[in-house]
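Heavy atoms only: backbone and side chains are in, while hydrogens, waters and symmetry mates are out. Remember, predicted model here, so these are calculated numbers, not experimental data. Labels below follow one simple rule: chain letters A, B, ... track the order of the sequence lines, proteins then strands, and each chain is numbered from 1.
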Number of protein chains: 2
Amino acid sequence: MTTPVPDRLRLDQQICFSLNAASRAFGGVYRVLLKDLGLTYPQYLVMLVLWEHGELPVKKLGEHLRLDSGTLSPLLKRLEAAALVVRERSERDERSVRVRPTEAGTALRERAAEVPLRIAAATGFDLAEVQDLRARLDRLTAALDAFGPASAPAPS
Amino acid sequence: MTTPVPDRLRLDQQICFSLNAASRAFGGVYRVLLKDLGLTYPQYLVMLVLWEHGELPVKKLGEHLRLDSGTLSPLLKRLEAAALVVRERSERDERSVRVRPTEAGTALRERAAEVPLRIAAATGFDLAEVQDLRARLDRLTAALDAFGPASAPAPS
DNA sequence: CGAGATTAGATTGTGCACAACTTAATTGTG
DNA sequence: CACAATTAAGTTGTGCACAATCTAATCTCG
């Protein structure tokens with residue numbers, strides 16, 4: 001026993017674990033707050049983008065959310081089944097599918113307006129802390145992305 | 001258009017989005033690094049706990065990772081199929097199932113030893129930044145947890 | 001123009017997260 | 001002791017994330 005592996009491997013020092021835990025804890029709070037609206041958290045993110053931009057092809061939606069069609073296609077299908085969005089083939093480019101909120105989808109925006117406030121309250125963070133944390137996380141994401149796709153040539 | 005909803009709803013100000021994105025970006029890097037080991041990221045976390053503690057009932061494992069049996073049971077079944085762990089009913093309490101790494105599972109620890117280093121390199125963060133970020137995230141998680149299960153009584 | 005490359009979206013398959021439920025063992029209390 | 005309550009795992013069903021693959025439309029260039 002007692003392999004010569006130092007603290008580096010200790011779970012409680014793994015930032016990824018904290019990140020993962022925080023992300024799931026957020027998910028739990030969102031689940032509660034979004035239940036009334038009939039939305040899951042990823043669906044809510046999609047609606048946020050649509051509320052802001054009005055209408056977008058699936059591709060653009062995916063760029064905003066860093067999600068691919070494998071995730072978005074079924075998710076959008078569920079939102080369409082819930083009558084919150086409509087999807088239609090672009091006439092200019094038959095490959096593209098444009099997604100836009102229905103009237104019900106747009107109306108939902110007002111009911112969702114208090115969600116961010118309640119989330120902010122749940123975090124116990126003030127605005128400055130939130131901004132700061134967000135900046136760090138975005139920097140982290142950028143660094144990881146640079147490493148991620150098509151890399152990892154074993155530096156050793 | 002232009003519902004009277006302020007910046008609060010703007011996607012790019014939502015910390016949860018940054019958190020989610022960072023978490024998935026981490027997932028991508030881990031996926032690359034763990035591919036050789038034949039582990040997914042959640043499986044790696046389980047192995048970390050087992051490497052540290054040697055043998056644990058599923059319940060304890062879940063407490064360390066904040067995961068329930070609905071997630072752990074099939075995950076452990078896959079780790080067992082990969083011959084990295086064994087599960088056996090406790091004799092003292094037949095309800096409990098104790099999980100422990102096999103010899104192959106223990107051996108894997110050495111091959112995994114460089115993973116944290118490579119992750120650290122990928123983040124571009126120094127140790128102090130990592131510690132700091134982790135502390136903030138853990139505080140955030142604690143706050144969210146306090147809110148989460150059996151709460152949400154609409155403070156307004 | 002026309003064949004190959006590229007692009008958008010959908011589909012398939014694997015694995016995780018979690019709620020809700022089931023089963024079986026244990027504990028607590030009268 | 002008996003029986004209700006609790007507890008540990010497992011199971012089922014839904015939804016998300018992502019790789020790999022497929023189809024159809026568009027683009028590019030000879």
Side-chain angles (χ1 to χ4, degrees), chain A residues 16-17 20-32 34-35 38-46 56-63 65-82 85 87-99 145 148-150, chain B residues 16-17 20-32 34-35 38-46 56-63 65-82 85 87-99 145 148-150:
Chain A
C16 53
F17 176 77
N20 199 40
S23 184
R24 284 189 288 126
F26 251 119
V29 176
Y30 271 104
R31 193 169 301 117
V32 172
L34 294 174
K35 196 168 187 179
L39 292 176
T40 66
Y41 173 48
Q43 289 167 8
Y44 169 70
L45 293 180
V46 166
L56 284 175
V58 174
K59 185 74 195 309
K60 287 288 179 194
L61 208 47
E63 285 168 11
L65 298 166
R66 56 168 49 232
L67 291 172
D68 66 8
S69 71
T71 300
L72 286 174
S73 286
L75 188 156
L76 291 170
K77 200 178 289 187
R78 283 185 285 270
L79 284 179
E80 190 168 45
V85 307
R87 289 184 298 166
E88 46 196 16
R89 290 269 159 200
S90 164
E91 293 189 9
R92 284 173 19 88
D93 184 343
E94 287 283 337
R95 289 170 306 182
S96 176
V97 169
R98 306 187 68 80
V99 185
D145 273 350
Chain B
C16 53
F17 176 76
N20 199 39
S23 183
R24 284 189 288 126
F26 251 119
V29 176
Y30 271 104
R31 194 170 300 116
V32 172
L34 294 174
K35 195 168 187 180
L39 292 176
T40 66
Y41 173 47
Q43 288 167 8
Y44 169 71
L45 292 181
V46 167
L56 285 174
V58 174
K59 185 74 194 310
K60 287 287 180 194
L61 209 46
E63 285 168 12
L65 298 166
R66 56 167 49 231
L67 291 171
D68 65 7
S69 70
T71 300
L72 285 174
S73 285
L75 189 156
L76 291 170
K77 201 180 288 189
R78 284 186 283 270
L79 285 179
E80 188 167 47
V85 307
R87 289 184 296 166
E88 48 196 14
R89 290 269 160 202
S90 164
E91 294 189 8
R92 283 173 20 87
D93 184 343
E94 285 284 335
R95 290 172 305 182
S96 174
V97 169
R98 308 187 67 81
V99 184
D145 273 351

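For B:Lys77, the side-chain atoms get nearest to D:dT11 when compared with the rest of C:dG9, D:dT11, D:dA17. Closest to the side chain of B:Val58, from the set D:dA9, C:dA19, C:dG9, is D:dA9. When distances are taken from the side chain of A:Lys59 to each of C:dC18, D:dC18, C:dA8, the shortest belongs to C:dA8. The listed nucleotides are D:dA9, C:dA17, C:dA19; the one nearest the side chain of A:Arg31 is C:dA19. For A:Arg89, the listed nucleotide lying nearest its side chain is C:dG9; candidates were C:dA17, D:dC18, C:dG9.
When each of A:Thr40 and B:Lys35 is assigned the nucleotide of DNA chain D bearing its nearest heavy atom, the one mapping closer to the 5' terminus is A:Thr40. Residue order along DNA chain C, read from the 5' end via each residue's closest nucleotide, puts A:Lys60 first among A:Asn20 and A:Lys60.
Residue-to-nucleotide contacts include no donor-acceptor pair under 3.5 Å from the side chain of A:Ser69 to the base of C:dA8.
A:Asn20 has its side chain within reach of B:Leu45: a pair of non-hydrogen atoms, C-beta onward, lies under 4.5 Å apart. Residues B:Leu67 and B:Leu61 fail the side-chain proximity criterion, which asks for heavy atoms closer than 4.5 Å. The shortest side-chain heavy-atom distance between B:Val46 and B:Leu39 does not fall under the 4.5 Å cut-off.
Distance CG (B:Leu76) to P (C:dG15): 14 Å, rounded to an integer number of Å. B:Glu94 places its CD atom 12 Å from the P atom of C:dT27, with the value rounded to the nearest Å. B:Arg95 places its CZ atom 14 Å from the P atom of D:dG10, with the value rounded to the nearest Å. Rounded to an integer number of Å, the gap from CZ of A:Arg24 to P of C:dA17 is 5 Å. If you measure from atom CG of A:Leu34 to atom P of C:dA19, you get 14 Å, rounded to the nearest angstrom. Here D:dC27 presents its C1' atom at 14 Å from CZ of A:Arg92, a figure rounded to the nearest Å. In this entry the distance linking CG of B:Leu72 with P of D:dA9 reads 9 Å, nearest Å. To the nearest angstrom, P of C:dA10 lies 12 Å from CG of A:Leu75.
Ion pair B:Glu63/B:Lys60 flagged as a salt bridge, since at least one NZ, NE, NH1 or NH2 atom sits closer than 4.0 Å to an Asp/Glu carboxylate oxygen.
Nucleic acid contact for A:Ser96: sugar-phosphate only, since backbone atoms but no base atoms lie under 4.0 Å from a heavy atom of the residue. Contacts of A:Arg87 with the nucleic acid, taken as non-hydrogen atoms under 4.0 Å apart, involve only primed sugar atoms and P, OP1 or OP2. Within the nucleic acid shown, B:Pro57 comes within 4.0 Å of sugar-phosphate atoms alone, with no base atom in reach, counting heavy atoms only.
The aromatic rings of A:Tyr44 and A:Tyr30 lie tilted to each other, with the angle between the two planes from 30° to 60°.
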